[in-house]
Amino acid sequence: MTREKSNASRRAWELAARQHGIVARRQLLELGYGEEAIEHRLARGRLHAVMRGVYAVGWPGMSAERRWMAAVLACGDGAALSHRSAAALWGIGREPESPMEISVRRRCEHRRKGVRVRSRPSLREKDLVRHRCIPVTAPARTLVDLATVLHPTALERAVNEADKRDLIDPEALRASLDELAGEPGVRALRTLLDRHTFRLSDSALELLFRPIAAAAGLRPPETKARVAGFEVDFFWPGLGLVVETDGLRYHRTPAAQARDRVRDQAHTAAGLTTLRFTHRQVQRERKHVQRVLAKTAQRLHDSASGVSRAGTREKSTAAEGP
């Protein structure tokens, strides 16, 4: 074997290793293989045709990664997994048994068995990344695409799973939607995120909450005070009571839960009591909020009074002497 052929063979194996054991005919030609050399390897079983112009190297078995890589290579430059196939690769959703879903950043008429090809010339270059060495739409783009094909409940699961896997959190996802305004799926995803992160304005929340607190027998609270290193919604220094109002109406995301746990732990360590109410409760379950506030305030007041009385008795005893 000449040095040139040896180098071409080495580069082909290195390429195949990066691509889950899958190579395209055009890639082999670019590496210096001739048509006869490719046909010879196919005849000898060193290459196995899996799609038109795409081969498995060494062994014909097809894992999920090999299937995805083959589909992407079969669709040419600028192709990437998208929609439910991208969700499956990212681990945030399921892929239907068929077809695999591929988006291509150019106008094309690709037809591949078992593959649905979407021609998307407007797809931005930064929307395509590699995950496990496979070209795929980025998490934010994937979720926007999923919004065009999934029921809201399934889309909700995908958003929460993306947050759980630290792919993108709801706040960053909302910010990315501004760049994609007008794209299919953006409106549906924005509606879902608004439902989950909906917050009353500070002024509207305060107007609703203050009468509830007053009805519970509490004095006007401090608002947006900084307590134990964190800004809180409402605070009663005399009681050591913190009230936080959460914008999530339904399931909280893991990232939000983690941040809230850190806040609550800091307040507990400082000897404070924290109550959390949703905005929905403040708006529509005012009696419940009032009852919880009243009982908590009474308990804190009684506890503080008990400590005060105990301290007074200790001082009195000490003054009387033995």
Side-chain angles (χ1 to χ4, degrees), residues 156 159-160 163-164 166 169-171 174 193-322:
E156 176 185 333
V159 170
N160 279 278
D163 179 75
K164 179 180 177 181
D166 292 326
D169 61 53
E171 290 80 3
R174 281 188 80 179
L193 290 171
D194 284 345
R195 183 183 68 169
H196 280 273
T197 59
F198 168 75
R199 292 189 65 85
L200 291 166
S201 67
D202 291 343
S203 57
L205 175 63
E206 189 172 342
L207 286 173
L208 285 173
F209 188 78
R210 280 186 180 276
I212 300 175
L218 277 69
R219 294 181 178 180
E222 294 182 10
T223 58
K224 299 302 174 184
R226 195 160 188 83
V227 181
F230 295 92
E231 184 182 276
V232 302
D233 292 328
F234 302 99
F235 180 49
W236 286 265
L239 295 173
L241 175 61
V242 170
V243 170
E244 298 276 30
T245 54
D246 300 328
L248 298 175
R249 292 182 177 181
Y250 300 97
H251 302 295
R252 295 187 56 74
T253 64
Q257 291 174 345
R259 288 191 294 271
D260 288 344
R261 279 196 294 271
V262 171
R263 294 165 65 92
D264 292 348
Q265 289 161 3
H267 293 151
T268 299
L272 303 171
T273 296
T274 299
L275 291 176
R276 287 189 173 275
F277 300 107
T278 65
H279 283 202
R280 183 184 182 87
Q281 288 177 313
V282 173
Q283 282 184 302
R284 301 184 182 181
E285 301 173 23
R286 301 177 65 179
K287 290 296 183 182
H288 168 74
V289 174
Q290 179 183 326
R291 283 194 299 269
V292 173
L293 281 173
K295 290 181 179 180
T296 303
Q298 187 62 54
R299 177 180 60 79
L300 293 173
H301 181 270
D302 291 347
S303 177
S305 297
V307 171
S308 177
R309 287 195 295 271
T312 300
R313 285 196 297 271
E314 289 176 5
K315 290 180 180 180
S316 174
T317 302
E320 291 174 1

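Here the structure is a predicted model, which is why all the values come from computation and not from measurement. FYI, side chains are in, hydrogens and waters are out, and symmetry mates aren't considered; it's all heavy atoms of this structure.
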- request: Go through the steps to decide whether Val227 and Glu222 satisfy the test side-chain contact (heavy atoms from CB on, under 4.5 Å), and finish with yes or no.
  value: CA-CA 11 Å; Val227 181; Glu222 294 182 10; over 6 Å; no
- request: Starting from the C-alpha separation in whole Å, work towards a yes-or-no answer on side-chain contact (heavy atoms from CB on, under 4.5 Å) for Trp236 and Leu300.
  value: CA-CA 11 Å; Trp236 286 265; Leu300 293 173; over 6 Å; no
message: Between Asp233 and Lys224, is the side-chain contact (heavy atoms from CB on, under 4.5 Å) condition met? List the steps.
response: CA-CA 5 Å; Asp233 292 328; Lys224 299 302 174 184; 2.9 Å; yes
query: Hey, mind stepping through Glu156 and Asn160 against side-chain hydrogen bond (donor to acceptor under 3.5 Å, both in side chains) and telling me if it holds?
result: CA-CA 6 Å; Glu156 176 185 333; Asn160 279 278; 4.5 Å; no
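Taking NE2 from His301 and OG1 from Thr296, the interatomic distance works out to 14.5 Å, rounded to the nearest 0.5 Å. Separating the OG1 atom in Thr278 from the CD atom in Glu285 is a distance of 6.5 Å, to the nearest 0.5 Å. Residue His267 holds its NE2 atom at 8.0 Å from CZ of Phe235, rounded to the nearest 0.5 Å. A distance of 12.0 Å separates CZ in Phe234 from CG in Leu218, rounded to the nearest 0.5 Å. How far NE2 of His288 is from CG of Leu293: 9.0 Å, rounded to the nearest 0.5 Å. Between atom CD of residue Gln283 and atom CZ of residue Phe209 there is a gap of 13.5 Å, rounded to the nearest 0.5 Å.
In terms of heavy atoms, Pro211 sits closest to Glu206 at CD-O, 4.3 Å.
In this structure, the side chains of Arg299 and Thr273 come closer than 4.5 Å at one or more pairs of heavy atoms. Counting heavy atoms from C-beta on, the side chains of Val242 and Arg263 never come closer than 4.5 Å. Between Glu244 and Asp260, the closest side-chain pair of non-hydrogen atoms is not below 4.5 Å. No side-chain heavy atom of Leu208 sits under 4.5 Å from any side-chain heavy atom of His279.
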